[in-house]
Asker: 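Dropping a structure here in structure tokens format, bear with me for questions.
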Amino acid sequence: MLTINVAVLLTVIVILRLRRRTHARSRLDEKMTVVIVLALGILVAPTPVGQGILSFLGQLASGVTQASR
């Protein structure tokens with residue numbers, strides 16, 4: 001089973017990749033960033049942190065929906 005440490009490593013990699021200037025990135029570089037972000041999402045989703053984020057986003061969406069009524 002993978003641990004949150006791999007997710008933390010991927011988070012650091014994503015942050016470093018996104019800090020680069022936009023026009024300095026190639027299409028391959030952008031595709032690799034998307035793949036890394038998807039892998040990060042898969043790793044974080046089943047963890048308690050991922051469940052907390054999902055719960056928070058659900059409450060936020062519910063609040064926005066109720067506020068618009």
Side-chain angles (χ1 to χ4, degrees):
M1 183 79 183
L2 296 174
T3 64
I4 194 71
N5 295 334
V6 174
V8 170
L9 176 64
L10 283 177
T11 302
V12 171
I13 291 170
V14 167
I15 290 170
L16 291 176
R17 291 179 71 87
L18 292 178
R19 288 188 57 192
R20 291 179 55 201
R21 296 181 4 209
T22 303
H23 64 275
R25 296 185 206 152
S26 67
R27 286 183 187 239
L28 181 62
D29 193 32
E30 290 178 354
K31 288 178 183 177
M32 184 59 79
T33 301
V34 168
V35 168
I36 292 171
V37 169
L38 287 173
L40 175 63
I42 291 169
L43 289 174
V44 171
T47 64
V49 172
Q51 295 300 318
I53 292 170
L54 180 63
S55 174
F56 171 76
L57 291 177
Q59 290 175 359
L60 181 66
S62 175
V64 169
T65 302
Q66 290 177 358
S68 67
R69 289 183 184 173

Asker: Name each donor-acceptor pair under 3.5 Å that joins a side chain in residues 30-38 to protein atoms two or more places apart or in another chain, with its distance.
Answerer:
from	atom 1	to	atom 2	distance (Å)
Thr33	OG1	Arg17	NE	3.0
Thr33	OG1	Asp29	O	3.0

Asker: Determine whether Phe56 and Ile53 fall in the same hydrophobic cluster, where Ile, Leu, Val, Met, Phe, Trp and Tyr are linked whenever their side-chain heavy atoms lie under 4.5 Å apart.
Answerer: yes
Asker: Donor-acceptor check, side chain of Ser62 to backbone of Gly58, threshold 3.5 angstrom: yes or no?
Answerer: no
